[in-house]
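Below is one structure; the comments refer to it alone.
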Amino acid sequence: MLKLDILVLPVHPDDAELGCAGTLLKHIKLGHKVGIVDLTRGELGTRGTAEIRDKESARAAEILGIKVRGNLELPDGFFENTKLYQLKVIEAIRRYQPEIIITNAYHDRHPDHGRASELVEAACFLSGLRRIETSLEGQAQEPWRPKQVLHFIQDRYIHPDIVVDITDYWDTKVQSIYAYGSQFHNPEWSEDEPQTYISSPDFIQIVEGRAREFGKSIGVKYAEGFTSKKILGVDNLFDLK
Ligand SMILES: [Zn+2]
């Protein structure tokens with residue numbers, strides 16, 4: 001079994017790249033094992049197709065150097081925070097036994113983000129209950145509850161509980177975002193498909209503005225922000241920036 005230190009459970013391929021790619025790159029550099037399991041294939045996206053997004057997310061995973069990129073194939077737009085979908089997420093959590101889960105923002109411009117956040121938060125708790133039985137390839141899975149569940153901040157501004165300096169990883173984060181050639185600004189993409197909010201050339205500047213703002217708040221160039229429902233502690237006050 002491949003045990004991960006950090007598992008990202010975002011609803012759409014590209015959410016992890018936008019929300020936390022810099023933090024993932026930093027923790028991979030520190031020697032941690034990191035994986036992403038997208039909840040859906042993003043099949044309702046205005047541009048491109050699910051098959052194209054499969055290829056794009058595999059390419060982004062290569063750029064990030066992550067160990068695992070999986071997909072639960074829940075129905076984009078129509079999954080709910082119910083037992084059927086909770087069990088699928090629990091299976092992924094138990095499979096990789098991560099210490100830290102990162103998922104979508106509590107609420108956002110795209111309503112899937114808030115619903116995914118609630119679904120993953122519920123599954124993280126339920127995954128620790130031994131009377132909920134799941135199996136993988138015919139083998140019963142052990143209960144597992146991650147120590148922390150963090151939510152990245154994507155489109156709408158949310159005041160972060162912590163921010164992570166990603167200055168050294170900004171350029172690679174941008175490369176991982178542009179791996180999604182069907183979604184973001186791409187002069188070579190088919191003119192037959194409509195432009196969207198995220199395909200405009202201005203969009204990456206908005207992403208950069210957010211990272212600069214969080215960076216400035218701790219005296220660095222670029223940072224990513226996260227929230228947590230739990231109070232977060234540190235061992236040493238000098239770890240604070
Ligand atoms: Zn999304």
Side-chain angles (χ1 to χ4, degrees), residues 6-24 34-61 63-64 66 69-81 85 88-89 92 101-124 149-158 160 173-186 189 193-200 202-211 214 224-227:
I6 300 176
L7 174 61
V8 191
L9 292 170
V11 62
H12 304 123
D14 76 21
D15 288 345
E17 287 77 3
L18 289 165
C20 65
T23 301
L24 301 183
V34 175
I36 302 173
V37 175
D38 301 298
L39 302 190
T40 77
R41 295 170 75 205
E43 65 269 22
L44 297 186
T46 303
R47 286 155 61 99
T49 62
E51 290 71 27
I52 290 170
R53 294 188 78 172
D54 290 346
K55 290 201 186 93
E56 291 169 341
S57 63
R59 175 75 194 120
I63 292 167
L64 295 175
I66 59 174
R69 181 113 204 197
N71 199 301
L72 296 185
E73 302 189 16
L74 306 190
D76 191 12
F78 294 102
F79 68 90
E80 294 176 86
N81 182 12
Y85 301 112
K88 300 226 182 225
V89 179
I101 296 254
I102 304 178
T103 186
N104 288 99
Y106 297 153
H107 54 84
D108 214 346
R109 174 177 172 274
H110 196 312
D112 276 1
H113 292 180
R115 263 183 315 120
S117 154
E118 286 172 19
L119 170 62
V120 170
E121 192 86 47
C124 286
V149 184
L150 298 175
H151 299 257
F152 50 72
I153 294 162
Q154 200 169 324
D155 195 76
R156 295 267 158 85
Y157 182 84
I158 297 175
K173 169 173 171 138
V174 172
Q175 279 178 37
S176 76
I177 293 170
Y178 278 120
Y180 294 87
S182 69
Q183 300 300 303
F184 301 108
H185 180 59
N186 180 357
W189 191 251
E193 288 207 307
Q195 291 288 333
T196 67
Y197 169 69
I198 61 172
S199 72
S200 115
D202 292 343
F203 181 72
I204 196 71
Q205 292 178 19
I206 294 165
V207 175
E208 178 167 2
R210 174 67 52 74
F214 287 155
E224 286 170 339
F226 299 89
T227 58

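Ligands are counted one by one from 1 in listed order, and the atoms in each one are counted from 1 as well. Values in this document were obtained by computation on a predicted structure and should not be read as measured data.
- The atom name of the N/O/S atom in D15 closest to the Zn ion (ligand 1) is OD1.
- Using modelled atom types, one finds no donor on one side chain facing an acceptor on the other under 3.5 Å when comparing N71 with D54.
- Ion pairing between a basic and an acidic side chain is recognised when a charged N comes within 4.0 Å of a carboxylate O; E17 and R69 show such pairing.
- The structure places CZ of F226 at 3.5 Å from OG1 of T23, a figure rounded to the nearest 0.5 Å.
- Among the backbone and side-chain atoms of D112, no N/O/S atom is found under 2.8 Å from the Zn ion (ligand 1).
- Ion pairing between R41 and E51 holds under the 4.0 Å rule for side-chain N and carboxylate O.
- Considering just the N/O/S atoms of H12, the one nearest the Zn ion (ligand 1) carries the name ND1.
- When distances to the Zn ion (ligand 1) are checked against a cut-off of 2.8 Å, H110 contributes no N, O or S atom below that limit.
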